[in-house]
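Each chain gets a letter, A, B and so on, in the order its sequence line appears, and its residues count up from 1. Any value given below was found using the heavy atoms of this structure, including those in side chains, with hydrogens, waters and symmetry copies removed.
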Amino acid sequence: MSSAIAVEARRLTRTFGTFRAVDDVSFAVPRGEVFGFLGSNGAGKTTTIRILCGLLAPTSGSASVAGLDVATQAAAIKERVGYMSQRFSLYTDLTVEENLRFWGAAYGLHGARAAARRHWALEMADLTGRRRTLVRELPGGLRQRLALGAALLHSPPIAFLDEPTGGVDPAARRRFWGVIDGLAAGGTTIFVTTHFMDEAERCHRVALMHAGRLVALDTPARLKAAFGADTVFEVRSRSPQAALRILEGTAGVAEATLFGEALHVVLTTPDAVAAVHGALNGGGEAGAEIRPIPPTLEDVFMRAIAAAARADGGAAGDRP
Amino acid sequence: MMRRTLAVAVKEVLQLRRDWRTALALVGMPVVLLLIYGFALSFDVRHVRLAVVDADGSRAAREVERAFVHSGYFDLVHRGEDSRIVDSLLDSGRAQAALVIPAGHAAALAASRPSAVQLVLDGSDAQTAATVLAYARQIVAAVSPPPRRPPSAGSAAARPLVWYNPDLASSRFLVPGLVAFILMVTTVIATALAVVREKERGSWESLRATPLGALELLAGKTLPYLVLAAAAAAGALLLAHVLFQVPLRGSPLWLALVTLLFLLGGLGWGVFLSTLADTQQVAFQAALFTTMLPTLLLSGFIFPISSMPPLIQAITHLVPARYFLIALRGIVLKGTGPEVWGADMIGLAVFAVAVLALATVRTVRSL
C-alpha cells in the first residue's frame with residue numbers, strides 16, 4: 001500500500017428498503033491510525049464496516065480500502081483486511097490450534113509462513129500452552145484475543161474490529177488495547193467500534209455516527225476542547241436526588257445526570273450557571289457546591305447527537 | 001482452490017468428529033429407516049381374514065376351501081354352512097372375505113357343469129380387495145378341473161410370463177424406491193443445516209470476509225457429507241439386498257456412480273436451501289417439504305409416472321429421485337446398462353450441477 005490513506009469513504013450511502021442505514025458518510029483514515037467508530041446500536045457502524053470489508057455493496061457513494069474500490073475489488077480487499085465481527089467468530093467446538101490452522105488456510109496461508117503466523121497469534125493471545133484446548137473452554141478475554149489473532153493471521157495492513165471487547169472484563173479489555181496499540185505502532189491501521197468511552201479516549205481519532213450519519217469526527221482532545229469551556233459542572237449538595245429534580249426543570253440546563261454522589265450538569269451556555277445557582281438556592285438546596293469540570297467525550301457525543309436530532313426536527317430521541 | 005476447499009472440508013470433519021452423534025445419525029438413520037419401513041411397506045396382502053360357508057359339505061367343496069387356506073394368503077376365522085352370517089362378519093370386520101360354496105357344487109362338477117363359487121369381499125380397501133380377488137382367481141383356477149372341451153378354434157389366450165420379479169413380490173419394486181426416498185430426505189436435511197448453522201453462530205460472516213470463494217466454501221462443506229451419505233447409501237443398498245431380496249443383476253460400478261450423482265444432487269439441494277434460510281428451523285422445514293412428498297408421490301416410487309396427467313408428468317422432471325429410480329431399478333432388477341438409463345444418469349448430473357451452481361450464485365449474491 002503506497003498511499004498514506006488506508007480507508008476512505010466518499011458520500012457512502014447504504015439503504016435497506018426505505019431505511020438509510022448509512023447516509024452520506026465521508027471520512028479518511030491515514031495509515032497506522034487507531035480510528036474509533038462510535039454510536040448507538042443501529043447507528044450504522046456495523047453496516048459501514050461490512051461495506052468496507054467487501055461484504056455489502058454500497059447503494060451510492062464510494063469507498064476505498066488499501067487503495068482498492070469496495071464495489072469492484074472486494075476479492076482483493078479481503079486479502080488485505082482482517083475482520084473481527086461483532087459476533088464471536090471462532091469455532092467453539094474446535095481447539096485453539098485447529099481454529100488457527102483453519103483460519104490461516106482460509107486466508108490462503110500454508111507451510112512455514114502459516115506456522116510462523118500461528119506462533120505469533122498464540123504468543124499474542126497468551127495461549128501457547130493451551131493449543132489443544134477447545135475454544136469453548138477459554139475465558140472470554142482469551143477468546144477475544146484469539147479471535148483477533150485469527151483475523152490478523154495474514155498480516156493485513158488494515159484491521160476492522162467490530163466491538164471486539166463486548167462482554168469482556170476491564171483487565172482483559174486493557175490487555176486487548178495493549179495489543180491494539182502495539183499493532184498500530186507497527187503500522188497496522190485499526191478501525192474499531194466500541195461503546196466504552198475509556199476505549200474511545202485511546203483512539204487517535206474518533207468518529208460518531210447517529211442515525212446513519214457522521215455527526216462528529218476529530219481527536220478526543222480537540223473534540224473536548226471544542227465543546228466549550230465552562231459549560232460542564234459538578235454539583236454536590238445535601239440531597240443529590242432533590243437537586244436533580246430541581247435542575248431537570250431549570251432553563252439553560254441541557255443535561256443533568258447523577259454520577260455517584262454528585263450531579264454531572266451540562267449547560268447550554270456558560271451564562272446559565274447563574275440560573276443553576278438561583279434554582280438550587282430557591283429550591284431548598286442552598287449551599288450546594290458548584291464547580292466547573294472538563295467535559296468528557298460522553299458530553300461531547302450527547303451534545304452532538306442532540307444537535308443532530310434537532311436538525312432532524314426533533315424526530316430522533318434515541319441515545320447512545 | 002483445492003487447498004482451501006480441503007481446509008474447509010477438514011474443519012467440517014473435525015466438527016463432525018466432535019459431534020459424532022450427528023455423523024452417526026447421518027450414516028445409521030437410512031439403515032434404521034429401511035429396516036422399519038421396509039417391512040411395513042408392501043403391497044403383498046397376507047393374513048386376509050377369511051370366512052368359509054360350505055353349503056355343500058362335499059369332498060370337492062373341502063378341496064376348494066383347503067386350497068384357499070393353504071395358499072398362505074388367508075387366515076380362516078369362521079367356518080359354517082349358513083350364508084346368512086356373511087353380512088355380519090363383513091360388517092363387523094371380523095372377516096375381510098367370505099368364500100361361499102353353494103349346495104350342489106360336487107354334483108355339478110360330477111356332471112361336468114360349471115359351478116360358481118362365490119367370493120364376497122370387503123371393498124372398502126380397494127387396493128387389498130383387488131389383490132385378494134387376483135389371488136382367489138388363481139386359486140380357483142388351480143383347483144378347477146381342466147375343461148374337457150378344447151377351446152374353439154382361433155381363440156387367443158394370454159399366457160402371462162413375468163420377468164425380473166417372477167413372483168411379483170412388491171418388495172423388489174418398492175424397496176429400491178424406499179432407499180431413494182430415505183437417502184433423499186437424509187442428504188437434504190444433512191446439508192440444509194450445514195450453512196445455516198454457520199449463519200446462526202455468526203461464523204458465516206467471518207468466512208465471507210476471508211478470500212475463500214463461494215464455491216470453495218460450499219464444496220468444502222459438502223465433501224464430508226458426500227462421504228457420509230455414500231456410506232449410508234452402501235449400508236442401505238446392502239440391507240435391501242440381504243434382507244429384502246433385492247437382487248443386483250447389473251454392474252456395481254454403474255450403481256455406485258448413479259448413486260453418487262443422486263446423493264450429490266440431494267446434498268446440493270440441501271446446500272441451496274441452506275443459503276436461502278436464516279434459521280435451522282426454516283431450513284429443516286424446507287428440506288422436509290421439498291423432499292418428502294415429491295419423492296414419495298412424483299418419483300415413480302409408488303405411483304407410475306406414466307399414469308399421471310401431462311402437467312404432473314412434466315413436474316416430475318424436477319424430482320431427482322425419478323431419474324435415480326429408473327436407473328436403480330434398471331441396474332438391480334434387470335441388469336441393464338447405461339444404454340437404457342443413460343439419459344436418466346445425465347438428468348441426475350444436470351440436477352446436481354444446477355443446484356450447486358444455484359447455491360454458489362446465491363452465496364455470491366448475498367453480499
Side-chain angles (χ1 to χ4, degrees), chain A residues 14 46 49-58 65 70-71 73-95 97-111 114 134-136 147-148 150-154 156 158-162, chain B residues 1-26 193-224 275 278-280 360-367:
Chain A
R14 171 71 201 204
T46 300
I49 286 191
R50 296 188 68 215
I51 294 171
L52 295 176
C53 288
L55 290 172
L56 196 68
V65 173
V70 294
Q73 294 170 291
I77 286 175
K78 286 173 182 179
E79 292 177 1
R80 290 167 177 78
V81 303
Y83 173 44
M84 188 175 160
S85 79
Q86 199 170 356
R87 293 176 66 189
F88 190 62
S89 57
L90 297 174
Y91 294 103
T92 54
D93 52 352
L94 295 184
T95 66
E97 174 87 16
E98 287 164 352
N99 263 292
L100 290 176
R101 278 182 187 275
F102 170 68
W103 289 105
Y107 281 114
L109 302 183
H110 52 88
L134 285 180
V135 167
R136 75 161 84 93
L148 178 66
L152 300 179
L153 278 171
H154 54 312
I158 302 161
F160 290 95
L161 314 177
D162 198 359
Chain B
M1 160 87 195
M2 277 313 292
R3 207 192 300 258
R4 290 207 264 235
T5 305
L6 211 61
V8 177
V10 166
K11 183 224 80 172
E12 205 69 21
V13 169
L14 287 171
Q15 288 182 305
L16 276 169
R17 213 180 54 189
R18 299 240 157 75
D19 184 20
W20 57 269
R21 283 183 194 85
T22 302
L24 190 71
L26 284 178
L193 302 184
V195 173
V196 182
R197 214 179 287 134
E198 301 247 14
K199 285 189 195 169
E200 282 191 345
R201 69 200 297 177
S203 46
W204 191 244
E205 178 89 353
S206 300
L207 286 172
R208 303 293 295 119
T210 69
L212 276 174
L215 190 60
E216 291 169 328
L217 255 175
L218 297 181
K221 284 194 78 73
T222 309
L223 212 58
T275 60
D278 283 324
T279 66
Q280 294 198 47
T360 308
V361 168
R362 259 297 302 177
T363 305
V364 173
R365 285 255 182 89
S366 66
L367 288 185

Exercise for review: Flag the one option from B/Ala209, B/Gly213, B/Gly202, B/Ala7 with the top tally of heavy-atom pairs under 4.5 Å to chain A.
Suggested key: B/Ala209
Study note, to complete from the structure: On a heavy-atom basis, the closest approach of B/Pro211 and A/Tyr107 is CD-CD2, 3.4 Å
Point to revise | Greatest number of heavy atom pairs closer than 4.5 Å to chain A - which of B/Glu216, B/Arg17, B/Arg4, B/Lys11 | key: B/Lys11
Review point. Measuring heavy-atom distances to chain A, does B/Val10 have an atom under 4.5 Å in its side chain, in its backbone, in both, or in neither?
Key: neither
Point to revise | Given B/Gln15, B/Glu198, B/Arg201, the one that forms side chain to side chain donor-acceptor pair (under 3.5 Å) with A/Tyr91 | key: B/Glu198
Check your understanding: Out of curiosity, A/Glu98 CD to B/Arg18 CZ, how far, rounded to the nearest 0.5 Å?
Key -> 4.0 Å
**Study point:** Gap separating the CD atom of A/Gln86 from the CD atom of B/Glu205, nearest 0.5 angstrom
**Key:** 9.5 Å
Exercise for review: Answer with side chain, backbone, both or neither: which region of A/Ile77 has an atom nearer than 4.5 Å to a non-hydrogen atom of chain B?
Suggested key: neither
Exercise for review: State, to 0.1 Å, how close A/Ala106 and B/Leu212 come at their nearest heavy-atom pair, and which atoms those are.
Suggested key: CB-CD1, 3.7 Å
Exercise for review: Calculate, to the nearest 0.5 Å, the distance between atoms OH and CG belonging to A/Tyr83 and B/Leu207 respectively.
Suggested key: 12.0 Å
Point to revise | Interchain contact, A/His154 with chain B, by part (heavy-atom threshold 4.5 Å) | key: neither
